[in-house]
Q: 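Quick one: this structure, given as structure tokens, is what I'll be asking you about.
Naming: A, B, ... by sequence-line order, numbering from 1 per chain. This one's a predicted model, so the numbers in the text were calculated from it and none came from an experiment. No hydrogens, no waters, no symmetry mates; every other heavy atom, side chains included, goes into these values.
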Protein chains: 2
Amino acid sequence: MSALWPDDPPPCAPSGCSVEEVVDRVGSKWSVSILIAASSGPVRFTALERSIPGISRRMLTLTLRNLERDGLIVRTVFPTMPPRVEYSLTPMAAELQAALVALVGWAQRHRGEIADARARYDERAE
Amino acid sequence: MSALWPDDPPPCAPSGCSVEEVVDRVGSKWSVSILIAASSGPVRFTALERSIPGISRRMLTLTLRNLERDGLIVRTVFPTMPPRVEYSLTPMAAELQAALVALVGWAQRHRGEIADARARYDERAE
DNA sequence: CGGGATCCCTTGCGATACTG
DNA sequence: CAGTATCGCAAGGGATCCCG
């Protein structure tokens with residue numbers, strides 16, 4: 001077998017690149033918002049809806065279902081009247097929090113820098 | 001002004017939630033792969049293409065343009081024949097690396113757990 | 001309160017072909 | 001080598017209405 005080309009970057013990770021898995025899981029528009037909003041303990045549906053500006057009922061439901069499917073969120077139904085449903089993070093998702101917080105922190109620190117870069121790029125292209 | 005509802009989770013972050021900005025920037029299908037592949041120093045177009053399995057020429061170009069626009073990647077053209085173009089991370093992107101690596105590490109550690117959760121969820125729904 | 005069902009439009013993205 | 005151009009589909013996601 002031939003050796004890898006010397007100037008090629010390593011293929012993302014040893015033994016199979018799971019980068020796309022991350023993006024598929026966390027890259028949907030609302031996943032990160034929901035995971036962060038749910039990190040402060042069990043949260044109800046409506047509370048989530050209020051704390052995430054701009055999200056539609058439909059996308060909140062869909063994203064919650066996907067997160068539940070992936071084992072990141074636990075859905076608990078209290079059969080009361082009116083119904084009460086609580087969402088909370090699994091231990092696996094709690095572990096993810098640190099990375100997510102780092103990511104959001106980075107975005108906030110460099111928000112202005114990015115905006116400037118965009119403006120310059122767009123102006124230059126006009 | 002009324003106080004926030006006590007049981008509402010905090011709105012993602014103090015002073016404006018930039019969570020969606022992060023996701024928009026990093027959440028596109030190939031961004032993370034490219035950023036990681038480019039972290040080992042200046043990389044040429046073709047080298048990137050080889051090290052990211054499954055990416056199309058079109059998406060590589062488009063994603064690189066977006067990353068350049070956001071100030072995450074610098075594009076350097078050497079006017080030789082044949083042409084030679086190198087891509088490298090900006091300091092801002094280098095700072096992002098740590099968070100990205102953490103994210104990928106998390107995905108790899110929990111890959112099996114997630115697959116299991118999915119299988120159980122799907123079986124239960126059938 | 002916590003959703004599900006539909007409609008519909010925008011976009012991401014792959015495939016393919018052409019170029020300096 | 002390092003792209004650009006065009007086509008076309010399928011998924012993502014918003015709006016709206018309905019329901020137990």
Q: For B:Arg65 and D:dG3, what is the distance between atoms CZ and C1' respectively, to the nearest whole Å?
A: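 Atom CZ in B:Arg65 sits about 8 Å away from atom C1' in D:dG3.
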
Q: Please figure out whether A:Met59 or B:Leu64 has its closest DNA chain D nucleotide nearer the 5' end.
A: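 The residue mapped nearer the 5' terminus is B:Leu64.
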
Q: Could you tell me whether B:Lys29 and A:Glu20 have a side-chain N and a carboxylate O separated by less than 4.0 Å?
A: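 No.
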
Q: Using whole Å, what does the distance between atom P of nucleotide D:dG12 and atom CG of B:Asp24 come to?
A: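 Answer to the nearest Å: 15 Å.
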
Q: Do A:Leu89 and A:Ser39 have side chains that approach each other closer than 4.5 Å (heavy atoms only, starting at C-beta)?
A: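 Yes - at least one pair of side-chain heavy atoms lies under 4.5 Å apart.
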
Q: What is the distance, rounded to the nearest whole Å, between atom CH2 of A:Trp30 and atom P of D:dA11?
A: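 Taking atom P of D:dA11 as the reference, CH2 of A:Trp30 is at 22 Å.
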
Q: Before accepting this row, confirm whether a basic side-chain N of the pair A:Arg109/B:Glu95 lies closer than 4.0 Å to the acidic partner's carboxylate O.
A: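 Salt bridge present between A:Arg109 and B:Glu95.
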
Q: Is the shortest distance from a Lys or Arg side-chain nitrogen in B:Glu86 or B:Arg84 to a carboxylate oxygen in the other one below 4.0 Å?
A: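 Counted as a salt bridge, because a side-chain N and a carboxylate O are separated by less than 4.0 Å.
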
Q: Just how far, in rounded Å, is P of C:dG14 from CD1 of B:Ile55?
A: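 The distance from CD1 of B:Ile55 to P of C:dG14 comes to 8 Å, rounded to the nearest Å.
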
Q: Choosing from D:dT4, D:dG13, C:dC13, which nucleotide comes nearest the side chain of B:Ser28?
A: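 Among the listed nucleotides, the one closest to the side chain of B:Ser28 is C:dC13.
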
Q: Could you give the CG-to-P distance, from B:Leu60 to C:dA15, as a whole number of Å?
A: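 Distance, rounded to whole Å: 14 Å.
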
Q: Please list each protein N or O that sits under 3.5 Å from an N or O in nucleotides 16-20 of chain D, with the distance.
A:
none

Q: Do A:Arg25 and B:Ile114 come within less than 4.5 Å of each other through their side chains, counting heavy atoms only?
A: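 SC-SC contact between A:Arg25 and B:Ile114 confirmed.
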
Q: Remember a base hit wins even if backbone is also touched, and classify A:Tyr87 as base, sugar-phosphate or nothing at under 4.0 Å, heavy atoms.
A: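 The residue A:Tyr87 makes sugar-phosphate contact but no base contact.
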
Q: Rounded off to whole Å, could you give me the CD-to-P distance for the A:Glu86 and C:dC1 pair?
A: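 Taking atom P of C:dC1 as the reference, CD of A:Glu86 is at 14 Å.
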
Q: Verify, without hydrogens or angle tests, whether B:Gln97 (side chain) and B:Leu35 (backbone) share a donor-acceptor contact under 3.5 angstrom.
A: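 Yes; judged by distance alone, with no hydrogens or angles, the pair exists.
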
Q: Consider the side chain of B:Phe45, meaning its heavy atoms from C-beta on, and name the nucleotide among D:dA2, C:dG3, C:dG2 that approaches it most closely.
A: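 My answer, after comparing the listed nucleotides, is D:dA2.
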
Q: Which of the following nucleotides, C:dG2, C:dG4, D:dG3, is nearest to the side chain of A:Arg44?
A: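 Ranking C:dG2, C:dG4, D:dG3 by closest atom to the A:Arg44 side chain puts C:dG2 first.
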
Q: Tell me: CG of B:Asn66 to P of D:dG3, nearest whole Å?
A: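 The answer, rounded to whole Å, is 14 Å.
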
Q: Do the side chains of A:Met59 and A:Val32 join up, straight or via other hydrophobic residues, at under 4.5 Å, putting them in one cluster?
A: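 Yes, one cluster joins them.
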
Q: Could you check how far CZ of A:Phe78 sits from P of C:dG2, rounded to whole Å?
A: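 Atom CZ in A:Phe78 sits about 11 Å away from atom P in C:dG2.
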
Q: Taking only the side-chain heavy atoms of A:Pro82 (C-beta and beyond), determine which of C:dG4, C:dC1, D:dA2 contains the nearest atom.
A: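 So the side chain of A:Pro82 is nearest to C:dC1.
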
Q: If you compare every side-chain N and O of A:Thr46 against the phosphate oxygens of C:dG2 (OP1, OP2), does one of them come in below 4.0 Å?
A: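 A:Thr46 to C:dG2 OP1/OP2: side-chain N or O found under 4.0 Å.
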
Q: Are any of A:Arg75's side-chain N or O atoms less than 4.0 Å away from OP1 or OP2 of C:dG2?
A: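 No, because none of the side-chain N or O atoms of A:Arg75 sits under 4.0 Å from OP1 or OP2 of C:dG2.
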
